[in-house]
Amino acid sequence: MPELPEVEKGARMLRAASAGRRIAVVRVLHPVYARSLPAADVDRLTGRTIVDVTRRGKHQLATLDDGSVLEIHFGMTGEWIVGSASDPVDRFARVILDFIDGSRITLADSRALGAARLHQPGADVLPDLGPEPLSPSFSADSLGDVLRRRRGPIKVALLDQGVVAGLGNIYAAEALWLARISPRARASSLSAARRTRLVRAIRDVLRRAPAARYTDRENGAQHWRVYDRAGKPCRRCGTRIARIIQGARSTYYCPKCQRA
DNA sequence: GGTCGCCTGGTA
DNA sequence: TACCAGGCGACC
């Protein structure tokens, strides 16, 4: 489930595999992806050279030599497969970029919830995205400014990419557990002290994610502190972890040591 | 603000 | 065979 740390890894892969390379062939292999990357954009991409790749929130941004930007979103199940143009096409390949040097990068996405979009030169890419959680512009004060206008619970607010960029369902739950804040707490009523704890917890969760192998399918789950642990004892106080639905999504939390 | 549905593989 | 996973846009 790609959240910020996984997308950062993806952006690095894309950069290593594509920066400085000229695109020979673009193939779009799924109707959902054809919607976000129509034939006209495939034509525009073909023959262009990828200059650099950056990440913003959960979005990967490949800048092309004409200033246009290819934006990739992994959705739930997106991942890169790096190889050569002679490789067999992956079962879940949705977009394939073949470069003139014979190398290839494939966007595989089993559930096809991701997207690829081409932004024209000079376009404002991702205008509604909130601050990067690991940047100084994200702070207890800035978070307070945004949350003040919110009516709903803090968990739902944290999943809003306009509040903070890059958090998903898992790390939002993990951060709230670390900060000892109930996911049901009203976003607008969080004290400055709790916002400080939350900002710290978000950074902590995101920073340690790669090292903790959060993303490893076999070993990841056992490292989660609260996510997917419904009915199991809280790692802090032993209380049974609760599962509730917020914004049509599962939320896991400790009803005792995460207070509203 | 809340809820639904896109998608499809994995699991009960 | 039904249901669940979830990022996110579309809807009420």
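Residue numbers start from 1 in every chain, and the chains themselves are labelled A, B, ... in the order their sequence lines are given, proteins ahead of strands.
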Participant: What is the bend of the helix from B:dG1-C:dC12 to B:dA12-C:dT1 when you compare the axis at one end with the axis at the other, using five pairs each and rounding to 10°?
Facilitator: 50°

Participant: Of the residues in residues 144-168 of chain A, which ones touch DNA chain C at a heavy-atom distance under 4.0 Å?
Facilitator: A:Gln161

Participant: With distance as the sole criterion, is a donor-acceptor pair present between the side chains of A:Ser250 and A:Arg243 under 3.5 Å?
Facilitator: yes

Participant: Hey, are A:Asp204 and A:Arg200 close enough for a salt bridge, meaning a charged N less than 4.0 Å from a carboxylate O?
Facilitator: no

Participant: Using a strict 4.0 Å threshold on nitrogen-to-oxygen distance, state whether A:Arg150 and A:Asp160 make a salt bridge.
Facilitator: yes

Participant: Other residues, nucleotides and ligands only: do more than 12 of their heavy atoms fall within 6.0 Å of CZ on A:Arg184?
Facilitator: no

Participant: Identify the heavy atoms of A:Val156 and A:Gly247 that sit nearest to each other, and give their distance.
Facilitator: CG2-N, 4.2 Å

Participant: Indicate yes or no for a side-chain donor-acceptor contact from A:Arg55 to the backbone of A:Gly57 under 3.5 Å, with no hydrogens or angles considered.
Facilitator: yes

Participant: Rounded to the nearest 0.5 Å, how far does CD1 of A:Ile100 lie from CG of A:Asp98?
Facilitator: 12.0 Å

Participant: For the pair made of CG in A:Leu129 and C1' in C:dG7, what is the distance, rounded to whole Å?
Facilitator: 13 Å

Participant: Could you give the CE-to-C1' distance, from A:Met76 to C:dG7, as a whole number of Å?
Facilitator: 8 Å

Participant: Under the ring-ring contact (aromatic ring centres under 6.0 Å, His included) rule, collect the residues that match up with A:His59, sequence neighbours excluded.
Facilitator: A:His73

Participant: List the atom of A:Leu158, the atom of A:Val164, and the distance in Å for their closest heavy-atom pair.
Facilitator: O-CG1, 4.0 Å

Participant: Looking for any heavy atom pair under 4.0 Å, which part of the strands does A:Phe92 touch: base, sugar-phosphate only, or nothing?
Facilitator: sugar-phosphate

Participant: Using heavy atoms to find the nearest nucleotide of DNA chain C for A:Arg111 and A:Arg117 separately, return the residue whose nucleotide is more 5′.
Facilitator: A:Arg111

Participant: What is the first contacted nucleotide of DNA chain B and what is the last, in 5' to 3' order, if contact means an atom lying under 4.0 angstrom from a heavy atom of chain A?
Facilitator: B:dG1 to B:dG9

Participant: Which residues in residues 242-252 of chain A have a heavy atom closer than 4.0 Å to any atom of DNA chain C?
Facilitator: A:Arg243, A:Arg249, A:Ser250

Participant: Could you state the interatomic distance from SG (A:Cys234) to CZ (A:Arg240), rounded to the nearest 0.5 Å?
Facilitator: 13.0 Å

Participant: Are A:Asp141 and A:Ser139 linked by a side-chain donor-acceptor pair shorter than 3.5 Å?
Facilitator: no

Participant: Of all residues at least two apart in sequence or in a different chain, which pass the side-chain hydrogen bond (donor to acceptor under 3.5 Å, both in side chains) check with A:Gln161?
Facilitator: none

Participant: Hey, is A:Arg56 close enough to A:Glu71 for a salt bridge, meaning N to O under 4.0 Å?
Facilitator: no

Participant: Rounding to a whole Å, what distance do you find between A:Tyr171:OH and C:dG7:C1'?
Facilitator: 15 Å

